[in-house]
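Here the structure is laid out as structure tokens; the discussion comes afterwards.
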There are 2 protein chains.
Amino acid sequence: MTQAESKEGNDSLLGKNAASARTPHKRDAEATQKRILSSAKHEFAMSGLAGARVDVIAEKAEANKRMIYHYFGSKEALFTKVLEEAYSDLYEAERKLKLDHLEPRVALERFVRFTWTYYLENPDFITLVNSENLHKGVHLGSSGVLKSVSRNRLHMLENLLARGQKSGVFRKGIDAMQLHISIAALGYYYLTNRYTGSIVFRCDLMAPEMLEKRIEFNVESILRIVGA
Amino acid sequence: MTQAESKEGNDSLLGKNAASARTPHKRDAEATQKRILSSAKHEFAMSGLAGARVDVIAEKAEANKRMIYHYFGSKEALFTKVLEEAYSDLYEAERKLKLDHLEPRVALERFVRFTWTYYLENPDFITLVNSENLHKGVHLGSSGVLKSVSRNRLHMLENLLARGQKSGVFRKGIDAMQLHISIAALGYYYLTNRYTGSIVFRCDLMAPEMLEKRIEFNVESILRIVGA
DNA sequence: GCTTTAGGTAAATATCTTGTTACTTAGAGG
DNA sequence: CCTCTAAGTAACAAGATATTTACCTAAAGC
């Protein structure tokens, strides 16, 4: 080693290969917080609150443990922030769905498919929610963010149901909350229990053709539940 | 200690308050293992694999940590055993359901209610399964027990569907596995996410009248899904 | 250029936690 | 009664782990 590292040479420490690890990050509070949040989301999703390691979160964020405490205060506060972001992201994606102008059955089907696809493409969301429920919701419970963000959570579905009932394609008396929960349930359960499910049913629940079968079953099921 | 307990005096497995905690247990390998398993089930269900503490498991079992390693080998092996037992218990309860002689729709409804009630009365089962899925099913995957126990898991439901199709009350082409998963999903999701759900929907999902509404919705949903 | 401050680093600390070791003793079988 | 095995206890070792402390330095504002 000639003189390769002049001053900030924070090399090997982590086993990553390319340049990104070498290049010390420019001082950028916002970027560092983002890296920490992203890393934390991944670690908490992978190992849960108790299983995740602050050291690993810092390392994967290419940041220092000290920064975690500087920006977030504690491991639990970081977990709370991660959860809030996860919910915000889902709600944001939901809001982008424009279902109001669609025929009710088409709109509902689209919502079912959206929910499924979101879970499929954001597996972290599911394990984070599971972790929070293991902890009895204490982090979200004391977080104003979720409460404000999840206001009118059922509005869209209520509108949809009302339109469908009016036009006669949906039956009357459907509870929007029960339906919302059911739409989530049919996808969430399948995906969150994909490992034990694959063992119990002796097949790969994550095989593409199995996923395909599942979403089609879910769409048909929900349409039958609301059908007039 | 007079002689109060003759020999198998395994007092209240858990929630003991006064004397029983003091009285040293008679030497009884089987009883000790049972106490450890029961305590471990509770702790793992409450805190997950990473969050549970071997010390606490031993203490609550009124046993010694050493005994855990003596009888089960490691924390993970104990977790595996707890899981195996949890699944066996569910399957055992399922087997006791005698649905063969019932009219298909009645039998199916009974199965939906059974599944719901089992989850409701055995909340440990849900969190244990969640924990195992967080760990990608590695413990059950390498356990011969579950594999042998869950053979023919769909047999009952397949029979039921066949009978209902024959008599015309169920439509044709229903996949027993998809239906089985859906029956579990509608109950499991609601209960496993009861904390975050109560926050998001601003109501107590565990209030008796809410539970009542949910199971009725689930029964109707499943019957609609299979309806001819 | 100089000062100040906020972004950043490394090492220390105090506490936990799993698993082990060395030891004690009940009680079954002779 | 005596012996020997297996149930049980308590204390320890080694390594993690969350959080803090002491320190450094880039770069923004003057």
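Numbers restart at 1 for each chain; the letters A, B, ... are given by sequence-line order, proteins then strands.
- Across all strands shown, B/A50 has no heavy atoms under 4.0 Å from either base or sugar-phosphate atoms.
- Ring-centre distance between B/Y188 and A/Y189: below the 6.0 Å cut-off.
- Under 4.0 angstrom from either OP1 or OP2 of D/dA18 there lies at least one side-chain N or O belonging to A/R53.
- For B/V54, taking side-chain heavy atoms from C-beta onward, the closest of the listed nucleotides C/dT18, C/dG7, D/dT19 is C/dT18.
- One can place CG of B/N64 at 16 Å from P of C/dA22, the figure rounded to the nearest angstrom.
- Going from atom CD1 of B/I57 over to atom P of C/dT17 covers 12 Å, rounded to whole Å.
- Within residues 66-86 of chain A, the residues having any heavy atom under 4.0 Å from DNA chain C are, by residue number, A/R66, A/M67, A/H70, A/Y71.
- Between A/R27 atom CZ and C/dT5 atom C1' there is a gap of 10 Å when expressed in whole angstrom units.
- A straight line from CG of A/D55 to P of D/dA18 spans 6 Å, rounded to a whole angstrom.
- Pairs engaging residues 145-157 of chain B under the side chain to side chain donor-acceptor pair (under 3.5 Å) rule: B/Y91-B/R153, B/E94-B/R153 [sequence neighbours left out].
- Here the P atom of nucleotide D/dA6 and the CD atom of B/E30 are 17 Å apart, to the nearest Å.
- Protein atom CD of A/E62 is 13 Å distant from nucleotide atom P of C/dA10, rounded to whole Å.
- Judged purely by atom type and a 3.5 angstrom limit, A/S198 uses its side chain to pair as donor or acceptor with the backbone of A/L205.
- Scanning for ring-ring contact (aromatic ring centres under 6.0 Å, His included) contacts around A/F79 gives A/F44, A/H139, with sequence neighbours left out.
- Taking a cutoff of 4.0 Å between a charged side-chain nitrogen and a carboxylate oxygen, A/K41 and A/E85 do not qualify as a salt bridge.
- Close placement of the B/F201 and A/H180 rings is indicated, their centers lying within 6.0 Å of each other.
- To the nearest angstrom, C1' of D/dT17 lies 7 Å from NZ of A/K65.
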